[in-house]
Amino acid sequence: MATGRSYDMDICEELDWRASVQQTTDPDHLPQWLAAASRTLYAGFDPTSDGLHVGNFVALMMLRRFQKAGHRPIVLAGGATGMIGDPSGKNQERTLLSPEIIDHNLQSISGELQQFLDFESSNGAILVNNYDWMKRWDYLSFLRDIGKHFPVNVMLAKESVKTRLEQTDAGMSYTEFSYMLLQAYDFVHLHKEFGCELQVGGSDQWGNITAGIELGRRLGTSPLYGITCPLLTRSDGAKMGKTEQGTIWLSPQKTSPYAFYQYWYNVDDDVVGRCLRLLTEMEREDILALDEDRQVDPGSRNSQRRLAETITEFVHGKDGLSKACRASEVLFGAEVSALSDQELAEIFSDVPSETVDRGELSGDGLDILEAFCRAGLAKSKSEARRCISQGGAYVNNHRVEDVEARLSTNDLASESVMVLRSGKKRYALLMFP
RNA sequence: GGGGGGUUUCCCGAGCGGUCAAAGGGGUCAGACUGUAAAUCUGAUGGCAAUGCCUUCGCAGGUUCGAAUCCUGCACCCCCCA
């Protein structure tokens with residue numbers, strides 16, 4: 001991860017072009033200030049789950065861009081703030097996570113965070129955990145030294161608090177209300193400790209960031225700055241990175257490279273441009289060329305392909321990308337019967353599989369309805385029957401039309417695996433060891 | 001305390017004592033079209049050894065040849081009057 005460039009590159013202009021800026025605290029002076037010297041900045045990630053997901057990606061890219069421009073990023077893992085739960089953007093009180101879970105999550109995300117930044121060079125990134133300094137406080141001192149600087153009327157005016165309180169049935173506990181203080185203090189602490197002067201985050205962090213800046217002002221630090229980036233949303237307004245099946249994670253254990261690749265490949269036309277800008281480090285001319293291409297021939301979906309390739313390679317490496325591509329090829333119709341057990345296992349690693357006794361294939365063979373049920377593609381034989389009679393059932397990518405069909409060893413795709421499919425995309429494997 | 005209304009298949013919601021596995025919508029699944037999209041259109045949508053059989057209409061009983069539909073009791077929900 002080379003960071004060859006110097007900080008005289010116009011990072012503000014770059015971020016602007018990439019539509020990465022929602023709001024800044026000081027739009028007039030920020031560009032000069034950033035151009036004048038190598039600055040230290042931070043973004044926080046709370047251990048609310050045991051991995052990073054697409055939603056965290058925007059802020060990570062932000063840090064990366066700053067680092068490339070010669071600034072020094074700090075990644076803050078929120079061991080302390082995670083104990084409390086950020087009310088921002090949530091319309092309900094959060095349930096507290098147990099310390100054990102938080103600790104476990106902390107381990108996972110800390111590891112992942114390191115993948116995306118350079119920790120070696122002169123402006124190498126720093127990983128910190130706010131629990132390390134928060135644990136030193138006792139309650140009374142914190143109230144006297146920090147809490148004293150927070151006017152409640154100002155806190156109440158913050159968007160994150162206001163929206164929650166306006167929903168009469170939601171409400172907010174004192175605990176969550178205090179979250180802001182912790183994050184504000186983080187900023188001030190990082191300033192004292194590392195000279196950190198800028199905080200970046202998603203637009204939902206605006207209130208927390210400005211709280212930190214305000215606290216700094218009252219405690220007499222030099223001016224602090226904040227930048228928020230827009231939250232990535234789909235054209236229907238839903239947050240990116242969530243599907244019906246769940247969150248898209250960065251870790252290959254939680255979301256396979258294939259599923260990851262597919263997610264980006266299927267991004268809507270009207271969002272893909274923003275994704276290319278916001279989430280990749282692709283050159284401007286390439287992105288503009290894709291914009292053009294999309295206008296002329298949207299059906300080619302070159303934008304989606306490039307987006308999927310670029311991000312998948314970035315997150316999962318060349319190897320992950322090639323696996324994802326290969327799986328995509330096969331899962332979208334290619335012939336399956338020429339493959340070996342091992343190849344199938346690799347390609348269909350995402351696909352649920354069931355083991356069935358090989359003996360079932362001998363004699364009359366295995367009832368096709370039974371097979372679809374066992375594979376989990378149908379909840380009942382009626383459902384399986386329906387699926388077949390409507391032409392939605394496939395064995396080894398070949399449509400099955402006969403409801404009475406029976407499967408034998410001839411229907412194995414490889415030595416011992418059979419590939420079943422319902423509809424266009426729902427696959428399942430049956431293994432006959 | 002008094003009076004009234006409700007509880008239906010994944011969800012909403014219609015259901016005359018038989019022709020009710022139960023209208024309609026949503027969702028979901030599949031098909032066509034397509035760009036592995038969106039929109040649209042079509043079909044399906046309790047289970048099973050399937051021209052039939054079994055289980056479902058808050059719960060438990062009862063009336064009846066026959067009940068989601070009538071009666072009794074119970075539970076939960078809503079509304080109105082005090």
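Residue numbering restarts at 1 for every chain, and letters A, B, ... go by the order of the sequence lines.
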Open item on the list: Once pairs are restricted to Watson-Crick or G-U wobble with both distances under 3.5 Å, how does RNA chain B read as a dot-bracket string, [ ] for crossings and | for other-strand pairs?
Closed with: (((((((..(((.....[.....)))((((((.......))))))(((...)))...(((((..]....)))))))))))).

TODO: Side chain of S328(A) only, please: which of rA30(B), rU34(B), rU36(B) is the nearest?
DONE: rU36(B)

Task: R326(A) bridged to E346(A) by N-O distance under 4.0 Å - done: no

Task: C1' atoms of rA44(B) and rU9(B), separation to the nearest Å - done: 16 Å

Task: Qualifying residues under ring-ring contact (aromatic ring centres under 6.0 Å, His included), relative to W33(A), sequence neighbours excluded - done: Y225(A)

Indicate every side-chain donor-acceptor pair of residues 206-214 of chain A with a distance under 3.5 Å to a residue at least two apart or in another chain.
| unit_1 | atom_1 | unit_2 | atom_2 | d |
| --- | --- | --- | --- | --- |
| N208(A) | ND2 | D86(A) | OD2 | 3.4 |
| N208(A) | ND2 | S88(A) | OG | 3.4 |
| N208(A) | ND2 | Q183(A) | OE1 | 3.2 |
| N208(A) | ND2 | Q205(A) | OE1 | 3.1 |
| T210(A) | OG1 | K158(A) | NZ | 3.0 |
| T210(A) | OG1 | W206(A) | O | 3.0 |
| T210(A) | OG1 | G207(A) | O | 3.0 |
| E214(A) | OE2 | R217(A) | NH2 | 2.9 |
| E214(A) | OE2 | R218(A) | NE | 3.4 |

Open item on the list: Any donor-acceptor pair, under 3.5 Å, between the side chain of D297(A) and the base of rG35(B), if you only look at N and O atoms?
Closed with: no

Open item on the list: Could you work out, with salt bridge (Lys or Arg N to Asp or Glu O under 4.0 Å) as the rule, every residue matching R18(A), not counting sequence neighbours?
Closed with: E14(A)

Contacts table for residues 368-381 of chain A: side-chain donor-acceptor under 3.5 angstrom, sequence neighbours left out:
| unit_1 | atom_1 | unit_2 | atom_2 | d |
| --- | --- | --- | --- | --- |
| E370(A) | OE1 | K381(A) | NZ | 3.3 |
| E370(A) | OE2 | R374(A) | NE | 3.0 |
| R374(A) | NH2 | E360(A) | OE2 | 2.9 |
| S380(A) | OG | E383(A) | N | 3.2 |

Task: C1' gap between rC16(B) and rC48(B), integer Å - done: 32 Å

TODO: Under 4.0 Å between any heavy atoms, over every strand shown, what does R399(A) touch: base, sugar-phosphate, or nothing? Just pick one.
DONE: sugar-phosphate

TODO: May I have the distance from Q262(A) (atom CD) to rG35(B) (atom P), rounded to whole angstrom?
DONE: 17 Å

Task: Side chains of Q262(A) and S328(A), donor plus acceptor under 3.5 Å - done: yes

Open item on the list: By the 4.0 Å heavy-atom rule, please label S422(A) as base, sugar-phosphate, or nothing.
Closed with: sugar-phosphate

Protein-nucleic acid N or O pairs under 3.5 Å, nucleotides 44-48 of chain B:
| unit_1 | atom_1 | unit_2 | atom_2 | d |
| --- | --- | --- | --- | --- |
| rA44(B) | O4' | Q390(A) | OE1 | 3.1 |
| rA44(B) | O2' | R386(A) | NE | 3.2 |
| rG47(B) | OP1 | S380(A) | OG | 2.8 |
| rG47(B) | OP2 | R386(A) | NH2 | 3.2 |
| rC48(B) | OP1 | K381(A) | N | 2.9 |
| rC48(B) | OP2 | S382(A) | N | 2.8 |
| rC48(B) | OP2 | S382(A) | OG | 2.4 |

TODO: Specify the separation, in whole Å, of atom CD1 of I388(A) and atom P of rG31(B).
DONE: 13 Å

Task: Nearest-Å distance for atom pair CG/P, residues D268(A) and rG35(B) - done: 16 Å

Open item on the list: For a quick check of understanding: with a heavy-atom distance under 4.0 Å over all strands, which category does Y263(A) fall into, base, sugar-phosphate or nothing?
Closed with: nothing

TODO: Select base, sugar-phosphate, or nothing to describe what R385(A) touches, counting heavy atoms under 4.0 Å on all strands.
DONE: base

